[in-house]
Amino acid sequence: MSLPKAELHLHIEGTLEPELAFELAARNGVTLPYADTDELREAYRFEDLQSFLNLYYELMAVLRTERDFEDLANAYLARAAAQGVRHAEIFFDPQAHTGRGLEIGTVVEGLWRALGNSEANHGVSTRLILCFLRDESAESALATLDAAKPYLDRITGVGLDSAEVGHPPAKFREVYEAAAALGLRRVAHAGEEGPPEYITEALDVLGVERVDHGLRCVEDPALVERLVRDRVPLTLCPLSNVRLRTVDTLADHPLPAMLDAGLMCTVNSDDPAYFGGYADDNFDAVRATLGLTDERLRELARNSFLASFLEDDEELRARYLAEVDAYDFQSTP
Ligand code: ADE
Ligand code: ZN
């Protein structure tokens with residue numbers, strides 16, 4: 001199903017496929033503690049968010065040069081385009097790279113070599129979102145924002161990711177205020193493993209415009225009512241939730257109930273190289289397993305463009321929405 005859609009929750013480092021990891025390891029003289037891609041794939045059995053993050057950070061050792069980040073982003077954009085993605089708002093984790101000695105400029109410039117040419121090369125418009133690692137200090141986040149200042153023409157917004165529980169949004173009040181003052185858009189992961197209170201805090205203290213995941217809002221009816229009333233977009237990631245055991249099985253995913261409640265849901269792929277699928281794989285899975293109707297799928301696609309940070313190009317957003325409206329489910333498999 002190549003329903004036109006925007007990808008709003010995608011960690012570029014989470015698109016590192018095993019084959020590319022080994023290719024980059026060989027190119028950079030990095031030794032991975034896995035014999036081959038099969039053995040590496042064996043490690044993709046996660047208990048929870050932290051067990052995934054351990055592997056996610058470990059494999060980043062192969063990313064060393066601008067060209068590596070360019071290759072990583074181009075590989076993702078090609079796959080995304082083939083899965084109906086017209087627009088991608090892409091997260092990156094600078095601290096995961098500066099912490100091992102890279103310059104933030106290597107990361108941003110490398111990614112930009114791919115993103116800056118993405119409309120021409122892949123037919124995918126892009127935005128870049130700098131994420132702070134919430135299990136690092138607030139001071140480190142402030143230093144990261146400072147280091148990013150020369151690159152702000154390439155960065156649309158800030159986000160918050162990594163280990164959630166024990167690292168509430170309020171820890172990052174100051175850096176989010178500084179980001180807002182710089183004109184950056186604000187999002188944050190909240191309510192993936194953490195409690196519904198973290199969602200409320202992300203809205204009230206950090207001023208986020210979208211909530212990444214937000215899944216656990218379903219535990220708090222008053223919060224659901226607020227999210228519905230204020231049309232706060234949630235960037236859900238169904239296959240990620242299954243792999244990280246946030247839900248028992250895909251059949252248990254609350255997406256249909258969330259849509260019925262009037263929440264502004266979107267469907268995204270999070271870390272597709274690790275969780276078994278890119279954008280369409282997630283759409284196909286929720287269609288097949290949760291029985292979403294064509295009109296519900298169209299609503300998800302419309303939401304993805306409505307929730308995207310395309311305020312600087314409303315003409316493009318209108319064109320994408322028209323494409324969604326014109327999409328014929330009957331004529332495409
Ligand atoms: N970093 C990469 N993927 C993540 C996720 N699903 N949750 C939090 N941090 C992440
Ligand atoms: Zn995520």
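For ligands, and for the atoms within them, numbers begin at 1 and follow the listed sequence.
Looking at Ser240 next to ligand 1, no N or O pair under 3.5 Å apart turns up.
Ser162 counts as a contact of ligand 1, since one of its heavy atoms falls under 4.0 Å from the ligand.
Close contacts of ligand 1 with Phe52, meaning ligand atoms under 4.0 Å from a residue heavy atom, involve 2 (C), 3 (N). Heavy-atom proximity to Asp271, at under 4.0 Å, picks out these atoms of ligand 1: 2 (C), 3 (N), 4 (C), 6 (N). The distance from ligand 1 to the heavy atoms of His213 drops below 4.0 Å at these ligand atoms: 6 (N). Atoms of ligand 1 found under 4.0 Å from any heavy atom of Glu192, numbered from 1 in the order shown, are 5 (C), 6 (N), 7 (N), 8 (C).
Asp270 has its closest N, O or S atom to the Zn ion (ligand 2) at the position named OD1.
Rounded to 10°, the angle that NE2 of His9 and NE2 of His189 form at the Zn ion (ligand 2) is 90°.
Taking the centre and axis of the six-membered ring of Phe283, the NZ or CZ atom of Lys5 falls inside the cone set by 45° and 6.0 Å. Taking the ring centre of Phe69 as origin, the terminal cationic atom of Arg64 falls outside the region bounded by 6.0 Å and 45° from the ring axis.
Between Leu130 and Tyr151 there is no side-chain heavy-atom pair separated by less than 4.5 Å.
Atom CD of Glu177 has more than 12 heavy atoms from other residues, nucleotides or ligands within 6.0 Å. Annotation for Arg45: atom CZ does not count as buried by contact number, only 12 or fewer foreign heavy atoms lying within 6.0 Å.
Nearest non-hydrogen protein atom to atom 1 (N) of ligand 1 is His11 CE1, 3.5 Å. Counting protein heavy atoms only, atom 6 (N) of ligand 1 is closest to Asp270 OD2, 2.7 Å.
Proximity of the aromatic rings of His167 and His189 is defined here by a centroid distance below 6.0 angstrom, and this criterion is not met.
Residues Val165 and Leu49 do not share a hydrophobic cluster, clusters being chains of Ile/Leu/Val/Met/Phe/Trp/Tyr side chains in contact below 4.5 Å.
Taking 2.8 Å as the threshold, Cys237 does not count as a candidate ligand of the Zn ion (ligand 2), since none of its N, O or S atoms lies below it.
Under the 30°/60° scheme for interplanar angles, the aromatic rings of Tyr320 and His87 are found to be tilted.
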